[in-house]
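One structure below.
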Amino acid sequence: MSTIANHEKAADEFILVLDFGGQYNQLIARRVREAHVYCEVHPSTLSLAQIKEMAPQGIILTGGPNSVYKPDSATCSPELFRLGIPVLGICYGSQLMAHLLDGRVETAPTSEYGKTEVSIDARDSLLFQGVDARTICWMSHTDYIAAAPAGFSVTAHTPVCPVAAMENADAKLYATQFHPEVLHTAQGKTMLRNFVYNVCGCKGTWKMGDFVERTVKALREKIGTGKALCALSGGVDSSVAAVLLSKAIGKQLTCVFVDHGLLRKDEGDQVAAVFGPEGPYALNFVRVNAQDRFYEKLKGVTEPERKRKIIGEEFIRVFEAEAQKIGAVDYLVQGTIYPDVIESGLGNAATIKSHHNVGGLPDYVDFKEIVEPLRLLFKDEVREVGRELGLPDYLVNRQPFPGPGLGIRIIGEVTAEKVHIVQEADAIYREEVAKAGVAPQLGQYFAALTNMRSVGVMGDGRTYDYAIALRAVLTSDFMTAESAQLPWDVLQRTTSRIVNEVKGVNRVLYDCTGKPPATIEFE
């Protein structure tokens with residue numbers, strides 16, 4: 001079994017991000033793509049030969065948690081800086097550039113964390129065109145560049161960081177100790193745009209229409225006359241993947257919707273109404289009711305990663321069984337997107353949680369290949385692809401819903417009783433948010449069932465029931481998020497309805513935590 005992703009050259013212009021374990025690696029790619037230049041993140045272990053073969057217009061080195069002068073720290077070949085390809089080093093990447101080119105990196109006398117005023121010393125630098133002489137940037141470092149390498153000029157500083165930025169313009173090598181990709185850096189987008197346009201010479205040719213055309217062509221050539229099975233959940237990602245594959249191979253595609261008993265209230269019927277034989281898309285649609293099968297597998301399981309892996313494997317087993325009924329199905333199509341891949345672990349980046357369609361896959365999958373046409377896209381880019389394909393707004397803008405479903409919105413063991421509780425509470429919450437008119441502003445919102453039970457009073461009697469946690473976040477890329485400040489009257493109405501209408505609940509909490517340190521989902 002192998003995996004097909006859209007790894008062929010996806011655009012005429014390409015920026016390569018080499019990941020040294022930085023927490024903001026995906027934000028770099030996101031910011032570059034916002035400038036309409038295609039960008040991918042790859043491990044720092046890529047060889048020079050691989051980099052040359054990719055032929056990027058520019059390379060960006062990410063931050064990282066280590067000290068560049070320690071022998072076991074992530075590194076790259078000094079020859080990288082002699083390829084003639086423009087390079088931008090960020091934080092650890094800037095220190096690595098200095099270290100490998102015979103500058104000096106040391107433990108900083110004073111560490112810098114958070115918003116910091118940076119003085120730009122070279123306003124004529126291609127990197128700082130249009131940037132104020134004093135600008136707020138995001139710092140996060142304990143080491144610093146004590147001396148820039150020969151041939152470099154210092155282009156920015158702070159009171160405690162003598163080399164906040166440096167460059168060798170002739171060699172097209174640039175470095176910033178701060179993080180331009182983080183929104184707290186006030187003019188960071190301008191700096192990154194300057195790098196890809198002014199330094200790398202990009203024109204901004206990355207368009208979703210081109211992506212759709214290239215991807216449909218590549219899928220058609222790859223699958224040929226073969227058959228494919230699409231894992232269709234009805235969410236944005238799998239719906240876009242299904243329509244994209246249908247455009248490429250038509251009736252050779254069968255979409256299998258597995259109702260695993262962990263869906264939102266009435267969701268199974270809603271998905272069937274859209275994609276079933278009477279729906280507007282009328283795809284080859286198969287609905288499999290497998291609630292009992294999933295509940296049995298999850299019985300007694302409380303550990304989040306174990307739940308994800310059980311659900312992921314059981315999905316695959318259902319798809320394998322359906323593929324046997326269809327006959328001669330070589331390809332399994334998934335709606336995997338970039339945040340799924342990153343959070344499941346990429347290169348030196350830590351595994352945050354295994355997504356059921358990436359890290360949750362079993363060791364053996366009885367398909368020749370897995371097709372993931374959206375694997376390199378962020379959520380908002382997937383929505384844009386959906387619009388390019390003509391999907392209606394109610395599908396394109398649909399709230400994200402994880403493949404493991406309510407299984408990761410129920411803390412602890414999953415039972416049919418708990419599923420019913422969270423389905424009812426979530427339906428009330430969603431109804432009240434929609435009625436208040438605040439839904440379009442939210443990136444994601446849902447109710448989850450905690451494993452906390454507490455004493456309450458209802459009807460002059462003592463109760464000992466569960467607490468529901470409500471969550472709503474603001475996010476553009478789902479890699480970071482802020483807790484939404486919902487109107488208090490919305491939360492009050494929701495709370496009142498849940499405790500009065502949902503049996504087994506006597507307390508409602510609101511989650512005010514951002515991402516990081518939390519994730520958007522609970523497990």
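The structure displayed is predicted, hence computed values, not measured ones.
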Validation row: C76, L96 side chains within 4.5 angstrom (heavy atoms): yes
Inspect the contact between R31 and E181 and indicate whether a charged nitrogen and a carboxylate oxygen are less than 4.0 angstrom apart. no
Only residue of L391, L377, N397 satisfying side chain to side chain contact (heavy atoms under 4.5 Å, CB included) with R383 is N397
From L389 CG over to L395 CG, what is the distance, rounded to the nearest 0.5 angstrom? 11.5 Å
Do you know which of L474, T475, V473 makes side chain to side chain contact (heavy atoms under 4.5 Å, CB included) with L442? L474
Charged tip of R430 within 45° of F446 ring normal and under 6.0 Å: no
E303 side chain to E305 main-chain N or O, any donor-acceptor pair under 3.5 Å? yes
Looking at Y464, is its backbone amide N or carbonyl O close enough to the side chain of R453 to form a donor-acceptor pair, meaning the two atoms are under 3.5 Å apart? yes
If you take all heavy atoms of S454 and R507, which pair is closest and at what distance? OG-NE, 2.8 Å
Can you tell me if S94 uses its side chain to pair, donor with acceptor, with the backbone of C91 under 3.5 Å? yes
Would you say the side-chain atoms of Q399 pair up with the backbone N or O of Y445, donor to acceptor, closer than 3.5 Å? yes
I'd like to know if the side chain of T62 pairs up with that of N25 as donor and acceptor (distance under 3.5 Å, no hydrogens or angles considered). no
Using every non-hydrogen atom in the two residues, find where Y92 and S73 come nearest and quote the distance to one decimal. OH-CB, 3.5 Å
Do E431 and Y429 meet the criterion of a side-chain donor-acceptor pair at a distance under 3.5 Å? no
Go through the side-chain N and O atoms of E112 and Q177 and say whether any donor and acceptor fall under 3.5 Å apart. no
Could you work out, with side chain to side chain donor-acceptor pair (under 3.5 Å) as the rule, every residue matching S67, not counting sequence neighbours? D143
CG/D292: more than 12 non-hydrogen atoms of other groups inside 6.0 Å: no
Do R375 and T336 have a side chain donor and acceptor closer than 3.5 Å? no
Are there more than 12 heavy atoms of other residues, nucleotides or ligands under 6.0 Å from atom CD of Q492? yes
Which side-chain hydrogen bond (donor to acceptor under 3.5 Å, both in side chains) pairs, counting each pair once, include a residue from residues 413-426, with sequence neighbours left out? K265-E424
With ring-ring contact (aromatic ring centres under 6.0 Å, His included) as the rule and sequence neighbours excluded, what pairs involving residues 291-314 come up? H260-F294, F294-F315
Lys/Arg-Asp/Glu bridge criterion (N-O < 4.0 Å) met for R317, E313: yes
Heavy-atom check, side chain of L298 versus side chain of K307, under 4.5 Å: yes
Over 60° means perpendicular and under 30° means parallel, so tell me whether Y24 and H179 are parallel, tilted or perpendicular. perpendicular
Counting only heavy atoms not in R306 (residues, nucleotides, ligands), do more than 12 fall under 6.0 Å from its CZ? no
Quick check for you: to the nearest 0.5 Å, what is the distance between K247 atom NZ and L253 atom CG? 14.0 Å
Does any donor atom in the side chain of T107 or Y69 lie under 3.5 Å from an acceptor atom in the other side chain? yes
